[in-house]
There are 2 protein chains.
Amino acid sequence: MSNQSDSPKRALTRDDVLDAAAAMVKKNGPRALTMRKLAAELGTAVTSIYWHVGNRESLLEALVERTVTDLGEIRAQGRTPATRIVSVTRALRAQLRGHPHLVAMVHERGLTERMFQPATQALVHEVHAAGLRGGQAADVVRSLLFQVVGFVLVERNRERAPVQYPGDESLWDAGAAEHDPALAKGLAAPPDPERLFLLSVRAMVDGLLGERPAERAH
Amino acid sequence: MSNQSDSPKRALTRDDVLDAAAAMVKKNGPRALTMRKLAAELGTAVTSIYWHVGNRESLLEALVERTVTDLGEIRAQGRTPATRIVSVTRALRAQLRGHPHLVAMVHERGLTERMFQPATQALVHEVHAAGLRGGQAADVVRSLLFQVVGFVLVERNRERAPVQYPGDESLWDAGAAEHDPALAKGLAAPPDPERLFLLSVRAMVDGLLGERPAERAH
DNA sequence: ACCTGAACACCGTTCAAGT
DNA sequence: ACCTGAACACCGTTCAAGT
């Protein structure tokens with residue numbers, strides 16, 4: 001708990017507050033950001049913070065806003081439409097993982113559209129290049145966005161709760177795994193998120209792009 | 001704020017506490033469950049609750065445990081492997097949506113494996129019936145579980161934050177939608193989750209089942 | 001074995017008062 | 001325009017004391 005600067009006194013600015021708040025969130029998550037501790041960190045009275053940012057909720061909102069703005073563009077890589085689309089989802093996932101607490105905060109505040117604008121634009125472009133148009137293209141873009149965000153949410157929660165219940169093979173030995181020891185082992189081991197992400201995104205992209213309306217009967 | 005019963009006095013049981021807590025969570029979410037309000041609801045001192053359930057965290061844990069136990073089986077429906085798998089994911093999504101606050105609570109507490117045991121078993125069975133074995137089957141099951149849970153998480157957060165930023169077409173008109181008005185309109189309108197879920201799960205199932213190792217090059 | 005009130009250490013927020 | 005301390009209404013949790 002040290003002050004932001006060693007110089008004897010300086011006017012407290014709104015950006016000072018945001019910076020300190022960002023540091024606290026980055027270190028221990030949004031839950032650990034309390035107005036009082038933030039004030040202590042900044043060496044001011046709690047009430048000064050209220051003057052600069054209104055209240056805790058607006059503070060978090062401003063924080064999210066600032067982070068989203070700093071996220072930067074997403075560029076597709078690869079030659080085929082499928083690879084380019086997959087590369088965009090990977091870039092988006094990397095962005096999200098770079099700001100571990102951002103996804104949940106953004107979601108709780110309904111800024112999703114805004115946050116995913118760069119990724120959406122990139123996806124729209126690639127999906128268009130893949131030959132899709134109109135409502136179908138929109139569906140594909142939406143499916144992919146949901147997929148990536150959902151995956152990251154699940155992934156993050158998994159990391160935070162490291163030891164899963166029941167944890168080992170006990171559940172799958174008893175015939176549940178259809179007498180397939182390799183399957184049982186595969187389900188018992190912790191998943192490799194990198195691999196799983198690629199696998200499922202590729203499957204979805206293949207499924208979405210390969211779709212010919214006439215072929216489908218189920 | 002009324003007491004649980006009109007009979008003058010009764011011994012407070014652990015189940016009474018859990019029941020009242022469950023009702024409060026169901027009504028206003030886990031955040032609204034405070035020990036003090038719970039005590040008021042039950043007409044006892046706060047400290048009595050501590051005697052019965054330890055503390056707030058164990059209370060929520062017990063609640064989750066009980067709900068998960070009550071979730072019940074999942075049965076596949078349909079004739080082809082693909083339809084049967086999709087039916088399992090739909091049933092799982094319905095279960096999760098039936099307990100709106102459960103998913104997040106379960107996740108925060110690392111009970112995911114346990115919660116999804118019925119769905120996992122059903123999926124393992126169907127994936128096996130589709131001809132997949134070993135590690136590949138495990139990957140498919142995992143991908144689908146991640147997909148469903150992720151989708152429901154995103155979906156739920158979207159419902160809670162109804163008006164999205166920026167909200168309307170303003171973003172997509174300016175050439176971002178590749179001069180495709182139908183696409184722009186599709187992205188601007190709020191998604192139909194039911195349709196989107198089916199669409200993306202089917203795409204993923206197709207992609208996962210249709211996979212022949214030799215065919216893939218990207 | 002079960003329940004109680006008092007007390008502690010925290011919260012977010014408001015308000016009147018200072019410079 | 002900016003900062004302050006005091007105060008209010010909440011939290012979760014502990015503890016010694018009751019029956």
Side-chain angles (χ1 to χ4, degrees), chain A residues 1-25 27-65 101 104-105 108-109, chain B residues 1-65 101 104-105 108-109 160:
Chain A
M1 301 282 178
S2 65
N3 286 7
Q4 42 153 1
S5 141
D6 294 82
S7 48
K9 23 180 98 179
R10 248 195 57 214
L12 185 67
T13 70
R14 187 183 148 91
D15 267 327
D16 290 339
V17 176
L18 288 185
D19 287 343
M24 289 180 69
V25 167
K27 202 173 180 192
N28 297 314
R31 254 186 119 145
L33 174 66
T34 80
M35 303 299 270
R36 294 176 124 104
K37 280 184 185 152
L38 181 55
E41 187 72 16
L42 288 164
T44 51
V46 209
T47 38
S48 305
I49 294 175
Y50 280 86
W51 194 90
H52 283 286
V53 298
N55 56 22
R56 186 170 184 275
E57 181 56 25
S58 341
L59 168 58
L60 285 176
E61 225 162 81
L63 217 59
V64 164
E65 191 79 19
H101 303 105
M105 288 172 63
E108 283 166 13
R109 282 160 190 84
Chain B
M1 302 282 176
S2 64
N3 286 8
Q4 42 152 357
S5 141
D6 293 82
S7 47
K9 24 179 102 179
R10 248 195 57 213
L12 183 70
T13 71
R14 187 183 150 92
D15 269 326
D16 291 337
V17 176
L18 288 184
D19 288 341
M24 290 180 67
V25 167
K26 189 169 190 176
K27 204 174 180 191
N28 297 315
R31 251 186 121 143
L33 174 67
T34 80
M35 303 299 270
R36 293 174 126 105
K37 281 185 183 149
L38 182 55
E41 186 73 16
L42 288 164
T44 52
V46 211
T47 38
S48 304
I49 294 174
Y50 279 85
W51 193 90
H52 282 288
V53 299
N55 58 21
R56 186 170 184 276
E57 182 55 26
S58 342
L59 168 57
L60 285 176
E61 225 162 83
L63 218 57
V64 165
E65 190 80 19
H101 303 106
M105 288 173 62
E108 284 167 11
R109 282 161 191 81
R160 215 180 331 171

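A, B, ... follow the sequence lines: proteins, then strands. Residue 1 opens every chain.
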Rounded to whole Å, how long is the line connecting atom CD1 of B:I49 with atom P of D:dC11? 12 Å
Closest approach of B:H52 to B:R14 (non-hydrogen atoms, all atoms of both residues): O-NH1, 3.5 Å
Could you tell me which non-hydrogen atom of A:L38 sits nearest to which non-hydrogen atom of A:A21, and how far apart they are? CD1-N, 3.7 Å
How long is the line joining CH2 of A:W51 and C1' of C:dA16, in whole Å? 17 Å
Interatomic spacing from NE2 in B:H101 to NZ in B:K26 - rounded to 0.5 Å: 11.0 Å
For nucleotides 12-14 of chain D, print each protein N/O atom paired with a nucleotide N/O atom at under 3.5 Å, atom names and distance only.
from: D:dG12; atom 1: OP1; to: B:M35; atom 2: N; distance (Å): 3.2
from: D:dG12; atom 1: OP2; to: B:M35; atom 2: N; distance (Å): 3.0
from: D:dG12; atom 1: N7; to: B:R36; atom 2: NH1; distance (Å): 2.3
from: D:dG12; atom 1: O6; to: B:R36; atom 2: NH1; distance (Å): 3.0
from: D:dG12; atom 1: O6; to: B:R36; atom 2: NH2; distance (Å): 3.4
from: D:dT13; atom 1: OP2; to: B:Y50; atom 2: OH; distance (Å): 3.1
from: D:dT13; atom 1: OP2; to: B:R56; atom 2: N; distance (Å): 2.9

If you look only at pairs with a residue in residues 45-54 of chain A, which of them pass as a salt bridge (Lys or Arg N to Asp or Glu O under 4.0 Å), with sequence neighbours excluded? none
Only stems of 3 or more consecutive Watson-Crick or G-U pairs count here, both distances under 3.5 Å; name the ones for DNA chain D, or none. C:4-8 with D:12-16, C:12-16 with D:4-8
Look up atom CD1 in B:I49 and atom CD in B:E41, then write down how far apart they are to the nearest 0.5 Å. 10.0 Å
When rounded to whole Å, the CG to C1' distance for the pair A:L42 and D:dT4 reads 15 Å
Quick check on C:dA1: is either OP1 or OP2 less than 4.0 Å from any side-chain nitrogen or oxygen of B:H52? no
What are the two closest non-hydrogen atoms of A:T34 and A:M24, and how far apart are they? N-CE, 4.5 Å
Using whole Å, what does the distance between atom C1' of nucleotide C:dC2 and atom CZ of B:R14 come to? 15 Å
Using a 4.5 Å cut-off on heavy atoms from C-beta on, say whether the side chain of A:L33 contacts that of A:L59. yes
Nearest 0.5 Å please: distance from the OG1 atom of A:T44 over to the CG atom of A:D16. 9.5 Å
